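Notes to accompany the following structure.
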Amino acid sequence: MSSPKKVYLFEEGHAGMKDLLGGKGANLAEMARIGLPVPPGFIITTEACNAYLNADYLLPPGLMDDVRQSVSQLEGRTGKHFGNAKNPLLLSVRSGAKFSMPGMMETILNLGLNEQTIQGLIAQSGNERFAWDTYRRFVGMFSGVVLGIPKDEFEHRLQQEKKRLGAQLDTDLDAATLKTLTRQYKDLVREKTGQPFPEDPAIQLQMAIEAVFSSWHTPRAVVYRDYHHIDHHLGTAVNVQAMVFGNLGDDSATGVAFTRNPATGENLLYGEYLINAQGEDVVAGIRTPHQVGLMEKEFPECYRQLQQIAHQLEKHYRDIQDMEFTIENNRFYILQTRTGKRTIQAAVKIAVDMVHEGLIPGDEALLRIDANQLPHLLMPTFDPAEKQKSRLLATGINASPGAATGTIVFDADEVVRLAGQGEKVILVRPETSPDDIHGLLRAEGVLTTHGGNTSHAAVVARGLGKACVVGCEALEIDLKTKTMSLDGKILKAGDLISIDGSTGEVFEGRIATMPPSLGPELATLLGWADRHRKMEVWANADTPNDARKALEYGATGIGLCRTEHMFMARERLPIVHDLILAESDADRQQALDKLLPMQREDFKGIFAVMDGHPVTVRLLDPPLHEFLPNYDHLLEEVLRLQDAGRTGPELERKETLLKKVGKLREANPMMGFRGCRVGLLYPDIYNMQMRAIMEAAIDCKQTGTDVRPKIMIPLISDAQELKRLKEQLERIAEDVMHQRGMPVGYRFGTMIETPRAALTAKKVAEFADFFSFGTNDLTQMTYGFSRDDAEEKFLTRYQEQGLLNFNPFESLDTDGVGRLVAMACEEGSLARPGLKLSLCGEHGGEAKSVEFCHQVGLHSVSCSPFRVPVARLAAAQAALKEKSNQGEHLLASV
Ligand code: PEP
Ligand code: MG
């Protein structure tokens with residue numbers, strides 16, 4: 001419902017008003033409400049922003065009158081007056097959407113200064129240097145944000161002045177220089193815009209409000225929202241607040257602090273501050289700030305207050321907070337709090353710790369974690385032995401964990417270009433700014449010279465789960481020559497480096513990585529998840545190694561063992577070629593006889609690892625030509641040999657092969673001669689596989705292994721296919737058991753990968769103990785999209801144009817493909833009570849799809865071992881959500 005009120009004083013709002021007041025505004029209001037030291041202010045609503053944007057950049061009628069009234073309230077509260085030459089009130093004007101978008105939109109500080117009020121500020125503060133520093137900052141910031149003059153132009157003049165005077169830091173500049181700089185900035189504005197810098201504070205305020213509203217549409221904000229799936233229609237609120245100054249001298253400072261470490265989750269106040277500075281200096285990463293722990297020495301009373309407020313806010317919000325604060329003449333103010341963005345590592349640790357601390361219940365901890373992020377926790381780390389051998393160039397601040405190797409790139413656009421060509425790159429910058437967001441999104445990792453743990457690069461990299469090292473002061477970058485020097489070594493764009501975001505180390509060259517394991521907190525969290533979920537989680541695994549990983553990550557069965565990978569091994573391919581090229585049954589049998597013991601050993605290896613757990617073996621699936629050389633390459637070779645006048649057995653063999661490959665070529669192989677179709681027309685292949693499975697099972701059983709094989713037929717589209725194969729393969733199983741004199745319990749089932757199989761599930765179920773939905777193929781065939789062609793040619797464009805709002809090969813299309821799944825489950829189970837239902841497409845490891853699987857009553861999902869934790873957690877989340885929905889229904893019916 002739309003609110004007629006467009007402006008709220010802090011004391012009129014609360015934390016529940018994020019839609020209207022934005023996240024920052026609602027939290028400022030809440031902090032004011034619970035009595036924290038927040039400078040007074042007011043919020044202009046997101047509705048006012050949307051009204052402005054929808055009316056072609058026209059402010060809603062009456063808005064500025066309301067703003068003026070609220071400003072006079074602030075005057076009453078502070079005893080200062082906006083625009084007053086003797087005792088001026090200065091304001092900060094900051095954006096704040098419902099969801100925090102760090103640095104993506106605009107902020108203007110120190111608003112209200114002009115040639116008269118500057119005198120008042122000098123008188124008020126008794127500090128001329130401070131006053132001119134503040135005025136200089138204001139003119140630079142306002143001109144950049146509101147008047148659209150590139151910020152570099154002002155920065156350039158500042159750097160020139162520093163160079164001329166031999167000053168190291170901004171703080172080394174005196175009042176006279178800052179005054180000159182302010183004048184230079186104002187001249188620059190007149191030169192660039194043809195207009196003088198606006199002197200009237202009321203006009204400054206209106207222009208600033210409009211600029212903040214408009215910043216909702218800046219390209220970087222749009223990219224950020226697209227990436228994080230934030231609705232483009234939310235709009236931003238504007239927070240107008242009385243300024244407090246961190247640049248009043250050495251008893252003033254400004255900083256950012258997290259209540260816990262957002263990279264690791266460690267329960268320790270974490271952050272940094274700069275003495276004699278304003279907020280943007282910390283975030284921009286221009287000077288490398290002090291660690292927050294040092295405040296205990298430098299500002300003991302303020303440190304105590306910060307600790308106490310951090311504690312209070314965490315208890316209040318029951319989550320990690322990211323706070324901005326300012327110390328003005330040793331007085332502590334809090335300027336912002338928001339839920340801290342954290343890495344998935346930190347998210348898991350914090351959730352588990354908060355349960356142990358009694359802050360949140362276990363169910364809430366489970367629901368807080370984005371299950372799809374868990375694979376980041378299972379990212380490889382650098383192999384310590386390899387690391388030892390590599391040349392360490394420097395160590396910076398470990399801002400976001402991860403091990404990344406890539407070529408050096410100094411420019412965000414270049415990152416996008418090279419990443420588009422499939423290159424892995426590391427973005428290296430003096431510091432990053434919100435304008436680099438597109439490069440950060442595509443880089444493997446980020447390395448910066450300046451900035452601390454809360455600098456832009458660090459915050460964004462953590463949000464994206466990318467490796468990041470900041471504040472690497474030993475790194476000297478020359479953007480002109482595209483080179484950098486580190487530890488006396490000159491590296492240029494295109495050279496390889498490796499960065500370890502967990503330790504802050506930077507190495508020359510590539511370092512090999514090694515697979516990770518579950519940490520203690522994740523193991524705890526997943527243990528809780530297992531108590532809630534209804535579905536079993538199995539894994540797609542083709543080797544004993546994969547099977548071991550699957551068990552380690554908590555799978556309790558193999559839902560898909562793709563046997564084709566066993567045929568692809570280098571030493572087996574010649575035999576597979578003989579099998580495919582055989583002209584007679586005898587030749588074919590000879591090849592199969594060679595493959596049989598190999599397959600048997602494959603299965604024995606897997607059964608032994610999966611002792612006591614089911615193993616679902618899918619019989620051969622891909623088109624046969626996938627095992628043969630590429631037709632075009634072969635043709636080229638034959639022509640080359642013929643042209644060279646070569647004759648003899650080599651050419652003859654290649655010519656025969658070419659003919660066979662030519663015969664097997666298909667216009668649309670994914671819908672061609674593959675899966676059960678091959679099994680039916682070349683029964684010996686499936687027979688050999690069945691024999692190998694049963695023999696392996698008996699061998700294992702004889703040595704005491706508990707074997708539970710399940711035989712799965714791929715790609716059926718009619719019940720008759722399954723019936724025929726079942727009869728054929730059962731005979732083989734009987735034969736082996738009879739020969740060996742030992743029974744083995746096995747199950748027989750099918751994949752449901754074609755729409756027709758799903759549509760005729762009732763008939764199919766007659767011949768199946770289980771169904772496993774192969775949603776990769778089922779998605780291709782339901783949409784009529786060929787996966788590889790679609791992803792390469794048009795799927796991204798479809799998503800960009802809003803024709804699809806997700807990739808159906810990643811997240812299950814519940815409306816279409818899901819409907820087939822649901823129907824097949826229902827009809828299959830009716831026809832055959834006790835029919836086991838599973839899913840083994842990629843979707844089995846994607847959280848939303850897993851939730852759907854829970855809803856339609858599947859008994860298990862199966863996914864790659866690295867995604868097993870995703871499925872375990874997502875299955876628990878689905879069960880918990882269902883429980884809470886049922887609770888709501890019960891309440892509603894009372
Ligand atoms: C499927 O189609 O979903 C499936 C698991 O089979 P594959 O990916 O091997 O075609
Ligand atoms: Mg398939």
Side-chain angles (χ1 to χ4, degrees), residues 537-543 546 550 555 557-568 614-627 666 668-679 686 689 710-717 721-722 725 749-758 761 764 768 770-791 807-814 816-818 820-821 824-825 836-846 849-850 852-853 856 858 860-868 870-871:
V537 176
W538 294 0
N540 298 350
D542 314 335
T543 63
D546 282 355
I558 289 181
L560 173 63
C561 171
R562 292 178 164 106
T563 50
E564 56 267 26
H565 296 164
M566 300 167 175
F567 283 33
M568 300 273 187
V615 175
T616 315
V617 181
R618 177 180 73 186
L619 304 190
L620 197 67
D621 179 49
L624 292 182
H625 72 81
E626 281 197 11
F627 299 102
E666 292 174 298
N668 192 345
M670 294 321 282
M671 296 214 272
F673 186 47
R674 57 171 284 217
C676 67
R677 299 158 200 174
V678 175
Y686 276 15
Q689 291 198 291
K710 298 174 76 149
I711 316 300
M712 181 156 75
I713 306 298
L715 215 77
I716 66 140
S717 49
E721 293 170 319
L722 196 61
L725 283 168
T750 183
M751 297 191 73
I752 303 287
E753 293 170 287
T754 67
R756 195 173 187 285
V764 174
F770 65 89
F771 283 175
S772 183
F773 293 93
T775 44
N776 301 336
D777 272 308
L778 193 57
T779 301
Q780 298 204 81
M781 299 203 205
T782 304
Y783 273 93
F785 287 173
S786 145
R787 176 182 179 147
D788 295 340
D789 294 328
E791 289 196 330
N807 176 345
F809 293 105
E810 283 169 15
S811 186
L812 191 77
D813 155 48
T814 51
V817 180
L820 284 171
V821 172
C825 287
K836 288 282 180 200
L837 301 165
S838 184
L839 179 147
C840 64
E842 294 300 309
H843 306 94
E846 192 277 332
S849 315
V850 172
F852 176 81
C853 293
V856 296
L858 296 196
S860 62
V861 289
S862 186
C863 55
S864 86
F866 285 99
R867 299 200 75 89
V868 163
V870 176

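Position 1 is the first residue of the sequence; numbering continues from there. For clarity, every value in this text was computed on a predicted model and none was experimentally measured. Atoms within each ligand, like the ligands themselves, are counted from 1 in listed order.
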Discussion item. As a quick check of understanding, evaluate side-chain contact (heavy atoms from CB on, under 4.5 Å) for M670 and S786, giving each step before the final call.
Written reply: CA-CA 8 Å; M670 294 321 282; S786 145; 5.8 Å; no

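Under the side-chain contact (heavy atoms from CB on, under 4.5 Å) criterion, S860 pairs with E536, W538, S838, not counting sequence neighbours. Every residue was checked against the salt bridge (Lys or Arg N to Asp or Glu O under 4.0 Å) condition with R867, not counting sequence neighbours, and none meets it.
A donor-acceptor contact shorter than 3.5 Å is absent between the side chain of H565 and the backbone of A541. Within the 3.5 Å criterion, the main-chain N or O of E842 finds a donor-acceptor partner in the side chain of N776. At least one donor-acceptor pair under 3.5 Å links the side chain of T750 to the backbone N or O of I713.
Rounding to the nearest 0.5 Å places NE2 of H625 at 11.5 Å from CZ of F673. In this structure, SG on C840 lies 4.5 Å from CE on M712, to the nearest 0.5 angstrom.
Near ligand 1, residues L560, R562, R618, D621, M751, E753, G774, T775, N776, D777, C840, G841 each place a heavy atom inside the 4.0 Å sphere around the ligand atoms.
A salt bridge links R674 to D777: one of the charged nitrogens lies within less than 4.0 Å of a carboxylate oxygen.
By the criterion of a separation under 2.8 Å, the protein N/O/S atoms near the Mg ion (ligand 2) amount to E753 OE2, D777 OD2.
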